[in-house]
Amino acid sequence: MLPKISVIVAIYKAEKYLYRCLNSLVDQTFEDYEVLMIDDGSPDGSGVICDRFAKKYPFMRVIHKKNGGVSSARQCGIDHAQGEYTIHVDADDWVEPNMLEELYQKAKQEDADMVICDYFEIKLKERYIKQEPTALTADIVLKNLLTSKLMGYCWNKLIKRACYNNYNLTFPANMILEDLFVVCRLCLNNIHIVYLNKAFYHYDRTINKESLSLNYNEHSLVSRIAFISYMEKELPQAYQEELNNMKCSVKKIAWCSQAYSKEDFMNLYKEINQVYPCYQKCKSPVSISVRICLSGHYKIAKYMLKTWLFIRRFLCRCGILSVNFYTANGK
C-alpha cells in the first residue's frame with residue numbers, strides 16, 4: 001500500500017545538524033508515511049548519514065544525485081514521492097513529533113488540497129509565527145503570499161500530491177524563491193485551503209547564515225526579478241497593487257546590494273519610481289535613502305546608504321544583529 005504522506009528532505013552540506021532533523025522525523029506519532037532524503041551531491045558526510053538511516057528504517061529512502069541546488073532536490077523528491085500528501089523539511093530544521101498526525105487529520109477532515117499551519121522561528125531566541133490567512137479562498141491566500149502577510153515556505157504546508165500533476169506544477173531551476181513560486185502557482189487554481197492553528201516546525205535561522213534567501217546579492221536579485229516576470233504574465237489586473245509592492249521591495253534590495261549602476265537602478269521598474277513612497281512606508285534608513293535617490297539626489301542617498309551599511313556591519317560583528325540582510329554577498 002502507498003504511504004499517506006511523503007516527507008521530502010533536500011540535503012546539502014548538512015552533516016552537523018542532519019541527525020537532529022532526521023531523528024525528529026523518525027519520532028513521529030504518525031505511522032503511515034515515508035521520508036525521502038535527497039542527497040544533492042553533498043561533499044561532506046551527509047550522504048553516509050542518509051545511508052545509515054535508510055538501512056535502519058524501512059520507511060526512509062535515500063536518493064543520491066548530482067548537485068543541482070535546492071530546487072532540483074525538491075523536484076526530485078516530488079518525482080519519487082508516493083504519498084497522498086507531501087511536505088518538505090529543510091535539513092537544518094526539525095519538527096514536533098505530532099506534526100504529520102495532526103496535519104493529515106486536518107486534511108482528511110476537510111478534504112483539503114493544502115493545509116497551512118504556524119511555525120517557530122529561531123534567531124536570537126525562539127518565537128511563534130502565526131500564519132493564518134485573512135480568508136481561506138485561493139485568491140486571498142495568493143494576495144497574502146505576494147504581500148508577505150503569509151510566508152511561501154513549503155515546510156509549513158501539507159499539499160496533496162495530485163495537485164502537482166493536475167496543475168502541471170514543478171519547482172523552477174536556479175530560482176531562490178522556488179517554494180514561494182510553487183505555492184503561488186498552486187493558489188492560481190481554485191484549490192481547497194484550510195488552516196490549522198498550531199505550530200510544529202522549528203525554523204532555525206542561526207545555522208545557515210550564508211543562505212541565498214537571507215542575503216541580498218546579485219543572484220538573489222535575478223531570482224526575484226524572474227519571479228516577478230513570471231507572475232506578471234500569470235496574474236490578472238486585480239493583483240497589480242501586490243506586484244507593485246514586490247517591485248518596490250526588489251528595487252530596495254537592488255539599491256542595498258549595490259549591484260546596479262545609477263542608470264540601471266533608475267531604469268529597474270521605472271514605472272514605480274513615482275509611486276515608491278506609496279508602497280514603501282519609508283520609515284527605515286534604507287527606504288528613505290531610496291526615496292531621496294528617486295527624487296534626484298543620488299549622491300546624498302548613496303552617502304546615507306553607505307553610512308547605514310557601515311553601522312549594520314558593526315552591529316553584526318558585535319553580535320547584536322544575527323543576520324546582515326542588506327549587503328552584497330552577505331558581507
Side-chain angles (χ1 to χ4, degrees), residues 3 5-28 30 33-83 85-97 99-100 119-122 151-159 161 164 170-183 200-215 219-220 223:
I5 298 178
S6 294
V7 182
I8 299 166
V9 187
I11 299 165
Y12 183 74
K13 288 185 178 180
E15 65 177 355
K16 293 181 180 179
Y17 33 81
L18 188 54
Y19 277 104
R20 180 181 66 177
C21 173
L22 297 181
N23 281 327
S24 73
L25 295 174
V26 169
D27 293 337
Q28 290 296 299
F30 197 66
Y33 69 106
E34 66 173 353
V35 177
L36 299 176
M37 301 170 288
I38 314 300
D39 173 24
D40 191 34
S42 294
D44 61 2
S46 296
V48 175
I49 295 173
C50 291
D51 289 334
R52 289 173 186 166
F53 273 84
K55 185 177 181 180
K56 186 175 181 180
Y57 301 102
F59 60 91
M60 303 185 83
R61 291 191 283 150
V62 58
I63 299 172
H64 300 283
K65 62 182 287 294
K66 183 180 178 181
N67 179 252
V70 64
S71 190
S72 70
R74 292 194 199 280
Q75 185 59 46
C76 178
I78 292 295
D79 293 340
H80 289 84
Q82 298 179 331
Y85 285 87
T86 65
I87 192 168
H88 296 260
V89 173
D90 287 350
D92 51 353
D93 302 327
W94 75 97
V95 302
E96 292 293 316
M99 182 182 78
L100 298 183
Y119 65 91
F120 300 102
E121 181 184 65
I122 301 132
M151 304 309 294
Y153 305 126
C154 287
W155 38 249
N156 73 322
K157 299 172 183 67
L158 187 73
I159 298 174
R161 184 167 63 91
Y164 287 91
T170 58
F171 285 90
N174 300 318
M175 182 182 286
I176 294 171
L177 302 176
E178 80 287 337
D179 44 3
L180 176 63
F181 177 87
V182 165
V183 175
F200 310 99
Y201 194 94
H202 296 265
Y203 174 33
D204 193 342
R205 297 183 67 170
T206 66
I207 294 176
N208 191 10
K209 295 182 180 180
E210 298 303 316
S211 169
L212 288 175
S213 63
L214 298 179
N215 293 293
H219 179 49
S220 175
S223 289

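We use all heavy atoms of the structure for the numbers below, so side chains are in, but hydrogens, waters and symmetry mates are not.
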Undergrad: Can you find a heavy atom in the side chain of Tyr12 that is under 4.5 Å from one in the side chain of Asn67?
TA: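 Yes; the side chains approach each other to less than 4.5 Å.
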Undergrad: To the nearest 0.5 Å, what is the distance between CD1 on Ile38 and CD1 on Ile63?
TA: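 Output value for this atom pair is 4.0 Å.
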Undergrad: For residues Leu18 and Phe53, determine if any side-chain heavy atom of one lies less than 4.5 Å from a side-chain heavy atom of the other.
TA: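 With C-beta onward as the side chain, the pair stays apart.
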Undergrad: So which heavy atom on Gly77 is nearest to which on Ile8, and how close?
TA: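 Closest heavy-atom pair between Gly77 and Ile8: C-CD1, 3.4 Å.
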Undergrad: Between Arg20 (side chain) and Asp92 (backbone), is there a donor-acceptor pair under 3.5 Å?
TA: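 Checked: pair present.
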Undergrad: Side-chain contact, heavy-atom cut-off 4.5 Å: Tyr153 with Tyr201?
TA: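 Not touching, per the 4.5 Å side-chain cut-off.
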Undergrad: Applying side chain to side chain contact (heavy atoms under 4.5 Å, CB included), run through Lys157 and Val183 and close with a yes or a no.
TA: CA-CA 9 Å; Lys157 299 172 183 67; Val183 175; 4.0 Å; yes
Undergrad: Please check this pair: side chain of Asp93 against backbone of Asp204, looking for a donor-acceptor N/O pair closer than 3.5 Å.
TA: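 Between the backbone of Asp204 and the side chain of Asp93 there is a qualifying donor-acceptor contact (under 3.5 Å).
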Undergrad: Give a yes or no on whether the backbone of Glu34 and the side-chain of Ser6 come within a donor-acceptor separation of less than 3.5 Å.
TA: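 No; zero donor-acceptor contacts below 3.5 Å.
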Undergrad: Examine distances only and state if a side-chain atom of Asp40 and a backbone atom of Gly68 form a donor-acceptor pair shorter than 3.5 Å.
TA: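 Yes, Asp40 side chain to Gly68 backbone: donor-acceptor pair under 3.5 Å.
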Undergrad: Less than 4.5 Å apart, any side-chain heavy atom of Ile87 and any of Met99?
TA: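 Yes; the side chains approach each other to less than 4.5 Å.
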Undergrad: I'd like to know if the side chain of Ser42 and the backbone of Gly47 have a donor-acceptor N/O pair within less than 3.5 Å.
TA: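 Absent.
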Undergrad: Quick check for you: to the nearest 0.5 Å, what is the distance between Ile122 atom CD1 and Trp94 atom CH2?
TA: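 The CD1 atom of Ile122 sits 3.5 Å away from the CH2 atom of Trp94.
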Undergrad: Do Tyr203 and Trp155 have ring centroids that are under 6.0 Å from one another?
TA: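 Ring-ring flag for Trp155/Tyr203: true, centres closer than 6.0 Å.
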Undergrad: Main chain of Gln82, side chain of Arg161: is a donor-acceptor contact present, judged purely on distance under 3.5 Å?
TA: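 Indeed, once roles are kept as given, a pair shorter than 3.5 Å links the two residues.
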Undergrad: Nearest heavy-atom pair of Val182 and Pro172: which atoms, and what distance?
TA: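 Taking every non-hydrogen atom into account, CG2-CD, 4.5 Å.
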Undergrad: How long is the span from the CZ atom in Arg74 to the CG atom in Asp79, to the nearest 0.5 Å?
TA: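 That separation rounds to 14.0 Å.
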Undergrad: Between Asp44 and Lys16, is any pair of side-chain heavy atoms under 4.5 Å apart?
TA: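 The answer is no; the side chains never approach within 4.5 Å.
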Undergrad: Hey, does Gln28 have a side-chain heavy atom less than 4.5 Å from the side chain of Val95?
TA: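 Counting from C-beta outward, Val95 and Gln28 do come under 4.5 Å.
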Undergrad: On a heavy-atom basis, which atom in Ala91 and which in Ala10 lie closest, and how many Å separate them?
TA: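 That closest heavy-atom pairing would be CB-O, 3.8 Å.
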Undergrad: Taking the side chain as every heavy atom from C-beta outward, state whether Ser72 and Lys65 have any pair of such atoms under 4.5 Å apart.
TA: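 Counting from C-beta outward, Ser72 and Lys65 do come under 4.5 Å.
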Undergrad: For Val35, enumerate each residue passing the side-chain contact (heavy atoms from CB on, under 4.5 Å) test, keeping only those at least two apart in sequence or located in another chain.
TA: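 For Val35 the side-chain contact (heavy atoms from CB on, under 4.5 Å) partners, ignoring immediate neighbours, are Val7, Val9, Leu25, Tyr33, Met37, Phe59, Met60.
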Undergrad: Quick one: CD on Glu96 to CG on Asp27, what's the gap to the nearest 0.5 Å?
TA: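 So the CD of Glu96 and the CG of Asp27 are separated by 11.0 Å.
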Undergrad: Counting distance only, does the side-chain N/O of Gln75 pair as donor-acceptor with the main-chain N or O of Phe171 below 3.5 Å?
TA: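 Here the side-chain-to-backbone pair exists.
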Undergrad: Going through the checks in order, is the side chain to side chain contact (heavy atoms under 4.5 Å, CB included) test met by His64 and Asp51?
TA: CA-CA 10 Å; His64 300 283; Asp51 289 334; 2.8 Å; yes
Undergrad: Do Lys13 and Ser46 come within less than 4.5 Å of each other through their side chains, counting heavy atoms only?
TA: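 They are not in contact (no side-chain heavy atoms under 4.5 Å apart), so the answer is no.
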